[in-house]
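Take a look at the structure set out below.
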Protein chains: 2
Amino acid sequence: MISGKFAITIHILTLLHKFPNDYLSSEFIAGSINLNPVLVRKEIANLKAHHIVESKEGKNGGTKLAVNAADLTLKQIFEMTFETIGLGFAKNQPNPDCPVGKNINQHLEVLYSEMNQNVSRQLEGISLEDFSNQF
Amino acid sequence: MISGKFAITIHILTLLHKFPNDYLSSEFIAGSINLNPVLVRKEIANLKAHHIVESKEGKNGGTKLAVNAADLTLKQIFEMTFETIGLGFAKNQPNPDCPVGKNINQHLEVLYSEMNQNVSRQLEGISLEDFSNQF
DNA sequence: AAATTTGTAACATATTTTATTACAGTATGA
DNA sequence: TCATACTGTAATAAAATATGTTACAAATTT
């Protein structure tokens with residue numbers, strides 16, 4: 001399911017890239033996104049789990065990039081934020097006695113999987129540095 | 001935002017393609033999807049607005065395909081169901097005093113627009129007939 | 001020790017999606 | 001012509017998901 005995680009995460013990473021020498025606080029980042037700092041910290045927790053950023057607790061603490069922005073692709077960010085492209089499935093199990101109902105989700109899965117590969121190829125060609133340098 | 005409209009619509013159209021000589025009732029279709037008939041009728045209303053299906057009211061009424069399945073592409077269905085691919089925007093207006101916040105949505109829009117073109121090209125190559133003949 | 005910040009859990013609110021009920025209008029055919 | 005079986009659509013309800021808030025322990029700096 002699609003949510004704003006990708007957008008939030010890329011916003012965080014762009015900021016970190018713009019201030020490579022500072023530990024940015026979640027409050028500061030939240031001020032740029034206009035979002036609750038707790039939500040920022042949640043996304044940062046995810047980035048930390050993937051060793052993309054490091055953070056420091058305590059006074060003057062915060063977060064900074066731990067990888068080279070040229071090596072981090074939007075595809076990786078896409079995947080780290082658990083995003084997948086899809087156009088929905090029937091929520092309730094479709095009728096198994098109907099030849100269409102029985103197989104539709106399986107066929108949709110193949111289609112969506114191809115869409116994801118397609119988008120992944122595109123996002124693989126864009127680094128965080130590329131994205132950030134647009135600003 | 002992504003929902004199940006595309007999946008529901010393609011399910012409906014696949015059924016209609018499988019029974020080209022019958023007017024299928026929303027109840028019958030809903031039984032295959034395992035969905036409330038009213039929701040089926042809503043999607044059919046949309047298809048009717050695009051002249052993809054025709055329907056007949058009253059007893060023994062229902063819906064049938066009004067176009068050649070070979071000529072209807074998944075791209076068209078994608079667009080008719082108002083779907084777009086995206087990975088979210090910051091909901092709240094990002095901070096306009098921050099160079100990143102000020103421009104991020106605009107840059108995301110460009111990125112998402114490219115993703116949509118990419119996916120559209122893919123879906124353009126698949127007709128309803130192609131999809132339906134998998135079953 | 002005081003101040004500031006992360007990390008995280010628990011809870012609350014808002015938004016979106018899906019489902020239900022209800023009923024007027026239309027066509028069929030016994 | 002009347003009972004039946006549909007569509008079309010509005011109004012409302014429920015469920016699911018996403019987003020926001022509060023609270024506070026733990027860590028670090030000065």
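Lettering of chains follows the sequences in order, A, B, ..., and the numbering in each one begins at 1.
One atom, CZ of B/F82, and another, C1' of C/dT16, lie 16 Å apart when rounded to the nearest Å. Note: NZ (A/K5) to C1' (D/dG20) measures 13 Å, nearest angstrom. Put simply, CG on A/L87 is 16 Å from C1' on C/dT17, counting in whole angstrom units. Between B/L47 atom CG and D/dT9 atom P the separation is 13 Å, expressed in whole Å. Here the C1' atom of nucleotide D/dT9 and the NZ atom of B/K48 are 12 Å apart, to the nearest Å. Between the CD atom of A/E43 and the P atom of C/dT8 there is a distance of 13 Å, given to the nearest Å. Note: CG (B/N46) to C1' (D/dT7) measures 16 Å, nearest angstrom. Rounded to whole angstrom, the span from the CG atom of A/N36 across to the C1' atom of C/dT13 amounts to 12 Å.
Heavy-atom neighbours of B/K18 NZ from other residues, nucleotides or ligands within 6.0 Å: above the threshold of 12. Heavy-atom contacts from other residues, nucleotides or ligands closer than 6.0 Å to CD of B/E27 number 12 or fewer.
Without hydrogens or angle criteria, A/N34 side chain to A/A30 main chain gives no donor-acceptor distance under 3.5 Å. Between the side chain of B/N46 and the main chain of B/E43, no donor-acceptor pair closer than 3.5 Å is present. Between the A/S132 side chain and the A/L128 main chain, no donor and acceptor come within less than 3.5 Å of each other. In this structure, B/N118 contributes its side chain and B/E114 its backbone to no donor-acceptor pair below 3.5 Å.
In the set C/dT18, C/dT8, D/dT19, D/dT19 carries the atom at the smallest distance from any side-chain atom of A/L39. For A/R41, counting side-chain heavy atoms from C-beta on, the closest listed nucleotide (D/dT9, D/dA23, D/dG20) is D/dA23.
Listed by residue number, there are no residues of residues 12-29 of chain A with a heavy-atom contact under 4.0 Å to DNA chain D. Taking every heavy atom of residues 54-63 of chain A and every atom of DNA chain D, pairs under 4.0 Å involve A/E57, A/G58, A/K59, A/N60, by number.
For A/Y23 and A/F19, the ring centers sit 6.0 Å or farther from each other.
Taking the six-membered ring where tryptophan is involved, the planes of B/H107 and A/F131 are perpendicular, since the angle between them exceeds 60° and thus also 30°.
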TODO: Walk me through it: do B/S127 and B/D130 pass the test side-chain hydrogen bond (donor to acceptor under 3.5 Å, both in side chains)?
DONE: CA-CA 5 Å; B/S127 71; B/D130 295 333; 3.2 Å; yes

